[in-house]
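Chain identifiers are assigned alphabetically (A, B, ...) following the order of the sequence lines, protein sequences preceding nucleic acid strands; residue numbering begins at 1 within each chain. When reading the values below, keep in mind they use all heavy atoms of this one structure, side chains included, and skip hydrogens, waters and symmetry mates.
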Amino acid sequence: MKILLADGQLREFEGSMSVAQIAAAISGKLAKKALAARIDGKIFGLDTVPLDGSRVEILTFEDEEGKKALWHTASHVMAQAVLRLFPETKLAIGPAIDTGFYYDFDAIRPFDAADLEKIEEEMRRITQEDLPVERIEMPRDKALEFTADNPYKQELIEDLPKDTVLSFYKQGEFADLCAGPHVPSTGRIRHFKLLSVAGAYWRGSEKNKMLTRIYGTAFEKREELAAYLEMLKQAKERDHNKLGRELKYFTTSDVVGQGLPLLLPKGAKVMQTLIRFVEDEEEKRGYQCARTPLMAKSDLYKISGHWDHYKDGMFVLGDERKDSEVLALRPMECPFHFIIYNSDIHSYRELPIRYCETATLFRNESSGEMHGLIRVRQFTLADAHIVCTPDQVADEFKGVLGLIIHVMRCIGIENDIRYRFSKWDPRNTEKYIDDPQAWETTQVLMKRILDEIGLDYKEADGEAAFYGPKLDLQFKNVYGKEDTLFTIQIDFALPGRFDMSYVDKDGTKKRPYIIHRSSIGCYERTLAMLIEKYAGALPLWMAPEQVRLMAITDRSLDYLKGWEQKLKAAGVRVTLDERSEKIGYKIREARTERVPYMAIAGDSEAEKGTLAIRKRGEGDIGQMDGDAFIDLVSNEIMKKVIF
RNA sequence: GCUGAUGUAGCUCAAUCGGUAGAGCAGCUGAUUUGUAAUCAGCAGGUUGCGGGUUCGAGUCCCAUCAUCAGCUCCA
């Protein structure tokens, strides 16, 4: 048989051979490392015999799909161990994920830490038994019979077309419904660790039963596993929820409540810097600032549709059944900007009109969802709404993206985000305005714009806003969990609901398009991301403390006080550490506090009129004339952009 | 909201079987005048998240509640 290998080489093998045998024929080392194979673009197990002329790529732990095969088998090993220890447990599903694997169990009681250890021990036994993993195929009715005692598997099978041939994977006494592929034997799983237990709804719906999920991960080498566990530990050190508190950026209080963080002076300083920067940048780009109320009567939200689609997420003041007037804190501010637009008639000549606002918003998130500065009940959004004619939409969209990219460069996260094109879910009529035609045309329009720009994006169904599709800019936190940082949305629904119009060239009234967007997202969340990205060492221009002056002796203290005044006058955020004792410790502390510049002075500096400068990340850069230092720092603050 | 875990000084942690809440760092006071991980001495810091209960006695056991964490669901 002839096989086209991944390196482009066409190789002839004698008779028909499985992928495992092909790998062995190529090299013993490859055979040992092989985990799965890509045959003509599809992933298979190593026991697969490819057709003559197939293109075969042997997958190892270095390949995404090879890793997944190993992790998937690991999840089966875990399930097998659980069944050995707790035979009455029912298995639900257990896939590989980006960082390892999990399995959902319907257990008699939830597993605790001690159970995890026992399960891990039993897994070790199963891997040492080195059981071969076999694929078994059976028709649907037979599969139903085979899984008769497991309602979850039955449900999965029932959902598949009647003529489907189902596959099971068997290792020792254990067999599980599974599409595969898997690695050839349980002995291939060597270095693994169970990480956590959590609840998870069956098939991801809160209406279903909550199952017990165990997360784990596995690696090829002991050092890789150790490195991964170490990475998890270090991620904790960067976690904004820990670091942000340690660095005194924010705090929370039992009596203030959940999801209501309090920004301390340092955090507030960073936020103020970002707000000033964004508001100035928006003004340069033709936005007009508006100020609108934090609450409104229910009437407004009834027009906008929030009352029907978003009421659960709102703080409603008053009781609809009793009170003649019910107010609600705003969860979004679009309706307010639309009312501003409607307060006058507009000519096509005025468009586009861009209203921006640093907007405080309130959303009544459910209790388990709050998290540090990332998910909160009150937040500050750099919000804006652009009213434009249909032919202006594409340019305005690009203009918004240009602004966002500029902002990302200035805060240094341009390469850390992923673009997501968020579309609606036609089946979810409760969440989305039910107008399939309008959804279709708007999504096509947005896709055209995205493709014109040549953006590298992923599509996601069921992630749109209730009034239109979105381009979301996604950011991963230290634990790899993804959140939306910025968003641009095209709205086809609200202009009609608010009966917005402009007078066109021909003197008739036309319906405008609306773009909703946030330039830097919500400041609280962006701040959290920045703390994690920079491990607290924020870039100079936004750092709450830009320069720290330190006196070696009391004699140099007066000298430094002079420079403190001059630095302040130049707009530099400076602090003076008056305690000259423990200077080594203080410098070290300043380093871990991520102060960009330290200027140290003793008797010799005071005599010469210089400062000894230490720059974050670079160490001592020598003595410098005080005025030259002020110029250096001010220039760097002005520049902003992080390369 | 759901499942599980956790709340002791500003931070990190200790307190045996239910038997007087304790240490380091940080803070304050004084001495020290010092050049890159730690000068010395002293002082202060707590209704053990809050509220009930069991007990002669509760940080420890039970109930309730608030908050925090991980995950699910939801979302900027």
Side-chain angles (χ1 to χ4, degrees), chain A residues 102 104 107 109-113 115-116 195-215 232 236 239 241-242 245-246 248 251-260 310 312-313 331-332 359 361 363-377 379-383 422 431 462-463 465 470 472-475 479 481-487 489 516-518 520-526 528-529 550-557 579-592 598 600-605 612 614 619-620:
Chain A
Y102 68 78
D104 284 346
R109 63 168 173 86
F111 301 121
D112 57 28
D115 294 330
L116 278 200
L195 299 169
S196 60
V197 196
Y201 299 109
W202 166 238
R203 306 195 99 176
S205 168
E206 59 186 332
K207 294 185 183 85
N208 291 339
K209 184 168 183 182
M210 181 155 275
L211 308 169
T212 304
R213 174 174 297 180
I214 302 180
Y215 284 93
L232 282 185
K236 212 170 223 157
D239 184 345
N241 208 5
K242 179 172 160 52
R245 289 169 197 271
E246 273 171 22
K248 310 239 182 281
T251 187
T252 50
S253 153
D254 285 10
V255 293
V256 173
Q258 242 191 331
L260 297 168
Y310 206 81
D312 286 349
M332 297 162 187
L361 304 178
R363 296 190 188 174
N364 193 3
E365 307 285 354
S366 346
S367 60
E369 282 150 16
M370 259 71 76
H371 174 69
L373 294 176
I374 286 182
R375 277 296 279 288
V376 290
R377 281 190 162 138
F379 59 95
T380 317
L381 189 71
D383 205 3
S422 300
K431 185 173 159 191
E463 297 285 353
K470 306 193 284 178
D472 289 321
L473 283 75
Q474 304 292 111
F475 190 101
Y479 300 109
K481 192 174 167 169
E482 201 177 84
D483 270 302
T484 303
L485 213 49
F486 317 121
T487 177
Q489 309 165 359
H516 304 239
R517 54 106 271 207
S518 67
I520 200 173
C522 117
Y523 288 97
E524 289 81 357
R525 180 176 289 185
T526 301
M529 293 301 179
M550 285 194 285
I552 304 291
T553 68
D554 286 347
R555 292 183 296 280
S556 56
L557 184 60
R579 304 281 304 269
S580 53
E581 75 210 77
K582 293 189 201 170
I583 193 80
Y585 172 70
K586 288 284 178 180
I587 289 170
R588 187 254 159 192
E589 183 197 49
R591 203 181 305 144
T592 55
M598 283 176 287
I600 306 160
D603 293 341
S604 76
E605 284 83 1
R614 166 175 279 264
D620 289 321

- Could you work out which one of B/A76, B/U3, B/G35 sits closest to the side chain of A/R363? B/A76
- Write out the stems for RNA chain B, ordered by first number and formatted as range with range, counting runs of at least 3 consecutive Watson-Crick or G-U wobble pairs under 3.5 Å. B:1-7 with B:66-72, B:10-13 with B:22-25, B:27-31 with B:39-43, B:51-53 with B:61-63
- Query: Whole-Å distance between B/U73 P and A/H371 NE2?
  - Reply: 16 Å
- Message: In this structure, how many angstroms lie between the C1' atom of B/A70 and the CE atom of A/M210, rounded?
- Response: 12 Å
- Query: Looking only at atom C1', what distance separates B/U29 and B/U8, rounded to whole Å?
  - Reply: 28 Å
- Message: What's the gap between B/A58 and B/C75 when it is taken at their C1' atoms, as a whole Å value?
- Response: 43 Å
- Item | Separation between CZ of A/R245 and CG of A/L373, rounded to the nearest 0.5 Å | 8.0 Å
- Per A/E369 side chain, nearest of listed nucleotides B/U73, B/G35, B/A76: B/U73
- Distance between C1' atoms of B/A41 and B/U32 (Å, rounded): 11 Å
- Message: Taking atom types as they are modelled, would you say the side chain of A/Y201 forms a donor-acceptor pair with the base of B/G1 within the 3.5 Å cutoff?
- Response: yes
- Item | Interatomic spacing from CD in A/E463 to CD in A/Q474 - rounded to 0.5 Å | 7.5 Å
- Value for CD1 (A/I520) from CG (A/L381), rounded to nearest 0.5 Å, stands at 11.0 Å
- Say you draw a straight line from CD of A/E482 to CZ of A/F475; how long is it, rounded to the nearest 0.5 Å? 10.5 Å
- Query: Could you state the OH-C1' distance from A/Y215 to B/G71, rounded to the nearest angstrom?
  - Reply: 5 Å
- Task: Whole angstrom is fine here: how far is it from CG in A/L485 over to C1' in B/A76?
- Result: 9 Å
- Message: Counting the atoms with a prime plus P, OP1 and OP2 as sugar-phosphate, which does A/K209 contact under 4.0 Å by heavy atoms, base, sugar-phosphate, or nothing?
- Response: nothing
- Task: Check the distance between B/C75's C1' and A/D472's CG and give it to me in whole angstrom.
- Result: 10 Å
- Message: Between the base of B/C72 and the side chain of A/R213, is there a donor and acceptor pair under 3.5 angstrom?
- Response: no
- Task: Report the distance from atom CE of A/M332 to atom C1' of B/C75, rounded to the nearest whole Å.
- Result: 9 Å
- Task: Assign A/G462 to base, sugar-phosphate, or nothing according to its heavy-atom contacts below 4.0 angstrom with the strands shown.
- Result: nothing
- Just checking A/V376: base, sugar-phosphate only, or nothing, at a heavy-atom cut-off of under 4.0 Å? base
- Scan A/E605 against the nucleic acid and name what it touches under 4.0 Å (heavy atoms): base, sugar-phosphate only, or nothing. base
- Item | Gap in Å between the two C1' atoms, one belonging to B/A9 and one to B/U47, rounded | 14 Å
- Task: Would you classify A/Y102 as touching base, sugar-phosphate or nothing, given that sugar-phosphate means primed atoms plus P, OP1 and OP2, and contacts are heavy atoms under 4.0 Å?
- Result: nothing
- Rounding to a whole Å, what distance do you find between A/F111:CZ and B/G71:P? 20 Å
- B/A5 versus B/C40 - spacing of their P atoms, nearest Å: 45 Å
- Between B/U16 and B/U60, how far is it from one P atom to the other, in whole Å? 12 Å
- Message: Any base atoms under 4.0 Å from A/D620, or only sugar-phosphate, or nothing? Heavy atoms, all strands.
- Response: base
- Which residue lies more 5' along RNA chain B, comparing A/A200 with A/S367 via nearest heavy atoms: A/S367
- Task: Using the C1' atom on both, measure B/A44 against B/G30 and round to a whole Å.
- Result: 15 Å
- Nearest 0.5 Å please: distance from the OH atom of A/Y102 over to the OG1 atom of A/T212. 13.5 Å
- Query: Taking atom P of B/C66 as reference, at what distance in whole Å does atom CZ of A/R377 sit?
  - Reply: 11 Å
- Query: Counting any heavy atom closer than 4.0 Å, what does A/Q258 reach on the DNA or RNA strands: base, sugar-phosphate only, or nothing?
  - Reply: sugar-phosphate
- Query: Starting at the 5' end of RNA chain B and moving along, which residue's nearest nucleotide shows up first, A/S366 or A/E206?
  - Reply: A/S366
- Name the nucleic acid region contacted by A/I374, choosing base, sugar-phosphate or nothing; use a 4.0 angstrom heavy-atom cut-off, strictly under. base
- Query: Base, sugar-phosphate, or nothing for A/G602, non-hydrogen atoms under 4.0 angstrom?
  - Reply: base
- Item | Pairwise P distance for B/U65 and B/G19, with rounding to whole Å | 29 Å
- Please work out if A/S422 contacts a base, only the sugar-phosphate, or nothing of the nucleic acid, heavy-atom cut-off 4.0 Å. nothing
- In terms of base orientation, is B/C61 syn or anti, with the syn window spanning 90° either side of 0? anti
- Name the nucleic acid region contacted by A/G204, choosing base, sugar-phosphate or nothing; use a 4.0 angstrom heavy-atom cut-off, strictly under. sugar-phosphate
- Message: Any N or O donor-acceptor pair under 3.5 Å from the base of B/A76 to the side chain of A/Q489?
- Response: no
- Query: Taking atom CE of A/M529 and atom CG of A/L485, what is their separation to the nearest 0.5 Å?
  - Reply: 5.5 Å
